[in-house]
Amino acid sequence: MTAMNSVLLSKPDLFSFKECLWFLDRNYDECLHHIDRNNNGISKAILLNDAEYVFSVSDSDKDLLVNIEHGKTGKKNIDMLSAYVREWFDMDRDLKLFYELLRQHKKLRYMATDFAGLRLMGIADLYETLCWCIIGQQINLSFAYKLKRRLVETYGMQIKTKESSYFIFPTPETLAQVSEEALRGLQFSRQKADYIIYISKVFSEGNMSKKKLLTLKTTEERKATLISLKGIGVWTANYALMKTLRDPDCIPYGDIGLLNALSGHGLIKDRKDTRSIEKLFGKFEGWKSYLVFYLWRSLAVPSFQTK
DNA sequence: ATCCAGGGGTCAC
DNA sequence: GTGACCCATGGA
């Protein structure tokens with residue numbers, strides 16, 4: 001029997017909370033969650049149905065413990081947060097087939113062991129994902145995280161609990177009203193500032209949403225709809241479909257990290273070797289997004305770093 | 001100083 | 001549809 005402010009989620013097979021946490025804490029200055037290494041857990045603030053919550057997820061043997069730290073409690077709310085966590089950690093997917101495919105590949109089979117249980121960590125909110133992509137376009141990740149922190153701490157909602165302080169990503173309504181100059185003051189380039197403000201207007205005026213995108217049936221239609229927006233190119237569209245809509249077969253073509261991982265494994269000759277890329281991913285039908293994610297994970301393995 | 005970083009837009013062919 | 005070129009900004 002659990003209290004009304006917490007619930008246990010049973011871990012699926014091939015699930016490692018530790019691996020997932022590692023990804024969420026890979027030495028970058030992430031401003032949208034707090035990792036607690038001592039307690040082996042993570043906490044985060046979110047907005048659900050216009051209500052704010054701070055919740056934590058921690059390891060509890062064969063389960064994950066989800067606890068409401070701040071906000072409305074009760075069964076309905078804890079159920080909603082449970083669903084959020086299951087989605088975030090991609091807990092409802094059976095990775096068995098993916099691991100079978102990995103083990104069939106000489107150069108990649110080590111991943112099934114070394115990264116065992118790593119899940120494709122999602123970003124629930126489409127608007128946040130697109131903003132994050134725009135921020136990250138063509139700059140190094142540590143600077144991208146800096147820009148995101150400035151944006152979030154300047155325009156996001158802050159929630160203070162006894163233990164800590166949390167931020168929620170700014171709303172499109174807020175950022176639609178921000179001036180280009182203000183964002184440039186945060187060291188956004190003119191281009192990034194324009195894209196962010198434009199996307200914010202599109203979302204705040206109701207012309208784009210995750211729900212809207214989900215009404216489109218095919219991946220290609222969804223991709224094309226995203227790309228029709230200024231600032232959203234092939235890379236961003238694929239990234240968003242992969243992280244937010246959880247499309248199983250999206251490859252962010254052109255991604256520098258992906259290319260580095262592929263060449264680090266000796267899987268491609270150069271960045272334009274699209275034939276080899278197609279050939280490799282062709283073997284991972286239904287799991288292309290997962291393969292991309294695992295290749296990103298491999299970038300932290302010293303022997304596969306290109307520098 | 002120079003090159004690079006989890007791209008995107010534009011324009012010419 | 002492909003390729004060349006420009007755009008910005010901090011980090012190494």
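Values reported hereafter were calculated over all heavy atoms of this structure, with side chains retained and with hydrogens, waters and symmetry mates removed. A, B, ... follow the sequence lines: proteins, then strands. Residue 1 opens every chain.
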Considering only [options], which nucleotide approaches the side chain of [X] most closely?
X	options	result
A:Asn260	C:dG10, C:dC7, B:dA5	B:dA5
A:Tyr195	B:dG9, C:dG10, C:dC7	B:dG9
A:Gln187	B:dG8, C:dT9, B:dA5	C:dT9

Nearest-nucleotide wise, let me know which of A:Arg190 and A:Lys146 is further upstream toward the 5' end of DNA chain C.
A:Arg190
A:Gln137 vs A:Ser142, nearer the 5' end of DNA chain C by closest nucleotide:
A:Gln137
So, A:Tyr127 and A:Thr171: side-chain donor and acceptor under 3.5 Å apart, yes or no?
no
Does a donor on one side chain and an acceptor on the other come within less than 3.5 Å for A:Tyr290 and A:Asp90?
yes
Gap between atoms [atom1] and [atom2], on [X] and [N] respectively (whole Å):
X	N	atom1	atom2	answer
A:Lys192	C:dC6	NZ	P	19 Å
A:Ile196	C:dA8	CD1	P	16 Å
A:Tyr253	B:dG8	OH	P	14 Å
A:Tyr28	C:dG10	OH	P	18 Å
A:Arg184	C:dC7	CZ	P	13 Å
A:Asn140	B:dC3	CG	P	17 Å
A:Ile134	B:dG7	CD1	P	13 Å
A:Leu299	B:dA5	CG	P	11 Å

Base of B:dA5, side chain of A:Gln138 - is there a donor-acceptor contact under 3.5 Å?
yes
Name the nucleic acid region contacted by [X], choosing base, sugar-phosphate or nothing; use a 4.0 angstrom heavy-atom cut-off, strictly under.
X	answer
A:Ile232	sugar-phosphate
A:Ile139	base
A:Arg26	base
A:Leu229	sugar-phosphate
A:Thr236	sugar-phosphate

Residue from A:Asn5, A:Leu48, A:Val85 passing side-chain contact (heavy atoms from CB on, under 4.5 Å) with A:Phe55:
A:Val85
Quick check with a 6.0 Å cut-off and a 45 degree axis cone: is A:Arg149 positioned over the face of A:Tyr145's six-membered ring?
no
A:Gln158 to A:Ser165 - nearest heavy-atom pair and separation
NE2-OG, 2.8 Å
Which word best sums up how the rings of A:Tyr84 and A:Trp88 line up, parallel for under 30°, tilted for 30 to 60°, or perpendicular for over 60°?
tilted
Give the ring-plane orientation class for A:Tyr110 versus A:Phe115, where under 30° counts as parallel, over 60° as perpendicular and anything between as tilted.
perpendicular
Rounded to the nearest 0.5 Å, what separation is found between the CD atom of A:Glu153 and the CG atom of A:Leu186?
10.5 Å
Atom P, compared across B:dC11 and C:dA8: separation rounded to whole Å
15 Å
Polar pairs (N or O, both sides) under 3.5 Å between protein and nucleotides 10-12 of chain B?
residue: B:dT10; atom: OP1; partner: A:Lys230; partner atom: NZ; Å: 3.0

